[in-house]
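Report on one structure; see the data block that follows.
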Amino acid sequence: MKERTLGRGEQFATWMGITGNALLFVAKILVGYSFNSIAIISDSFNSLTDIVASTIVLISVRTSYRGPDAGHPFGHHRAQPIAGLVVAILTGIVGFEIIAQSVGRVFSGEEMRPGVLPLILLAGVMVVKLGMHIVARVIATRANSTALRASAVDHRNDVLVSAAVIVGVGAADVLGYRIFDPLAAIAVGAWIIVAGFRIGRDNIKFLMGAAPPPELVHRIKGIANSTPGVLGVNDVFAHYVGTSVEIEVHIDVDRRITIDAAHAIGKRVQRAVEDTDEISRAFIHIDPLETVGETEGGI
């Protein structure tokens with residue numbers, strides 16, 4: 001079974017998420033309470049959730065790259081989608097809490113204090129988060145990491161969340177419509193819940209052993225068919241084990257060859273299939289094929 005180590009790019013992306021969100025959390029919470037803006041305070045708790053999520057991502061990526069051991073003979077591939085599911089649950093909880101607090105602010109009549117600093121902060125947050133999204137997305141694609149991909153999506157969502165908060169805070173500060181501050185916070189909460197749902201949905205398929213894309217199965221069939229000694233491929237079964245794919249390939253070989261020869265063909269197919277980046281383990285089933293004109297009988 002193939003084993004990987006945590007690359008420098010993946011380490012950078014995860015630590016970028018932890019450090020960047022920690023700094024943004026401090027800035028948002030200070031400005032939010034200074035100007036009594038429930039929208040910015042809500043956004044700060046979104047950053048706090050991101051810190052926890054980034055920490056979980058770091059641990060899960062490291063764990064998923066560990067090789068098989070006595071307790072996990074097939075490796076730790078499911079660590080990343082499990083982390084993604086945990087992130088989704090935490091995200092949903094924060095979203096609901098933000099909405100609850102914001103609705104309370106609407107009915108309490110409490111208002112934010114005017115000032116330009118909140119708008120400057122939110123504009124800066126959008127720029128920083130856009131940069132974090134681009135970096136995380138590139139690294140996640142290269143590493144085929146579902147946990148990092150979830151982080152990249154979260155960074156992108158934060159850009160949109162900050163844009164919504166700017167609208168609400170701007171309307172409350174510049175135009176004097178104070179109700180827009182808690183309304184923007186409610187929009188932030190709703191967006192966070194939707195983002196959590198999407199992250200959870202995308203990771204559940206890896207935990208449930210969903211089938212990989214048909215293009216991958218077709219490519220594996222071509223690899224098996226092109227192996228010397230293989231007369232055909234009659235069945236292929238593949239499913240996700242975490243972020244990797246395990247596959248079972250049924251090949252046809254001439255029934256008249258020896259068992260040793262058939263085994264050698266199967267091993268060649270296995271090595272060729274497992275050389276594919278997406279495949280973590282290949283199981284090869286050998287079926288004897290009776291050629292045309294051959295009479296009934298054993299080998």
Side-chain angles (χ1 to χ4, degrees), residues 1-7 60-61 63-82 84-85 140-149 201-299:
M1 180 180 292
K2 291 178 286 187
E3 183 175 347
R4 294 181 58 191
T5 57
L6 186 64
S60 70
V61 171
T63 302
S64 68
Y65 288 166
R66 288 167 51 192
D69 53 34
H72 305 86
F74 291 94
H76 303 76
H77 300 292
R78 290 186 174 91
Q80 289 198 46
I82 289 175
L85 194 58
T141 301
R142 290 176 180 173
N144 190 30
S145 169
T146 58
L148 287 178
R149 194 173 292 119
R201 179 195 61 193
D202 292 342
N203 281 278
I204 283 175
K205 72 175 183 180
F206 295 113
L207 293 173
M208 294 295 291
E215 296 80 12
L216 176 61
V217 175
H218 180 74
R219 181 150 46 97
I220 297 303
K221 284 183 178 180
I223 292 172
N225 269 317
S226 64
T227 304
V230 175
L231 302 180
V233 176
N234 58 73
D235 267 321
V236 176
F237 305 98
H239 66 104
Y240 279 105
V241 178
T243 56
S244 299
V245 176
E246 289 190 356
I247 193 163
E248 178 181 326
V249 183
H250 291 235
I251 60 172
D252 295 324
V253 301
D254 192 332
R255 68 189 301 272
R256 294 170 297 181
I257 65 176
T258 65
I259 294 176
D260 286 343
H263 176 74
I265 294 171
K267 294 301 290 185
R268 286 198 294 269
V269 174
Q270 181 183 20
R271 285 192 292 269
V273 171
E274 288 183 348
D275 280 342
T276 305
D277 290 338
E278 297 92 334
I279 305 299
S280 62
R281 182 183 288 265
F283 303 90
I284 310 302
H285 183 84
I286 300 172
D287 294 324
L289 182 66
E290 183 175 343
T291 58
V292 177
E294 184 183 354
T295 57
E296 291 289 336
I299 295 178

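When reading the values below, keep in mind they use all heavy atoms of this one structure, side chains included, and skip hydrogens, waters and symmetry mates.
Heavy atoms only, all atoms of each residue included: N225 and G232 are closest at OD1-CA, 3.5 Å. The minimum heavy-atom distance between A282 and V273, with the atom names listed, is CB-CG1, 3.7 Å. Closest approach of A238 and P212 over heavy atoms only: O-CD, 3.4 Å. Scanning all heavy atoms of the two residues, the minimum distance from P213 to Y240 falls at CD-OH, 3.5 Å. Taking both residues in full, the closest heavy atoms of R149 and A140 are given as N-CB, 3.5 Å, listed atom of the first, atom of the second, then distance.
K267 contributes atom NZ, which lies 10.0 Å from atom CD1 of I286 (distance to the nearest 0.5 angstrom). Taken to the nearest 0.5 Å, the CZ atom of R281 stands 8.0 Å off from the CD atom of Q270. To the nearest 0.5 Å, the span separating NZ on K221 from CD1 on I223 amounts to 13.0 Å. Annotation: the span from R271 atom CZ to D275 atom CG amounts to 9.0 Å, rounded to 0.5 Å. Separating the CD1 atom in I284 from the CD atom in E274 is a distance of 7.5 Å, to the nearest 0.5 Å. With values rounded to the nearest 0.5 angstrom, L231 atom CG is found 8.0 Å from I257 atom CD1.
When the options V236, D287, I265 are evaluated for a side chain to side chain contact (heavy atoms under 4.5 Å, CB included) with I251, the one that passes is I265.
For the pair L216 and I279, the minimum side-chain heavy-atom distance is below 4.5 Å.
In H263, the NE2 atom is not crowded: 12 or fewer heavy atoms of neighbouring residues, nucleotides or ligands sit closer than 6.0 Å.
The aromatic rings of F237 and H250 lie perpendicular to each other, with more than 60° between the two planes, well past the 30° mark.
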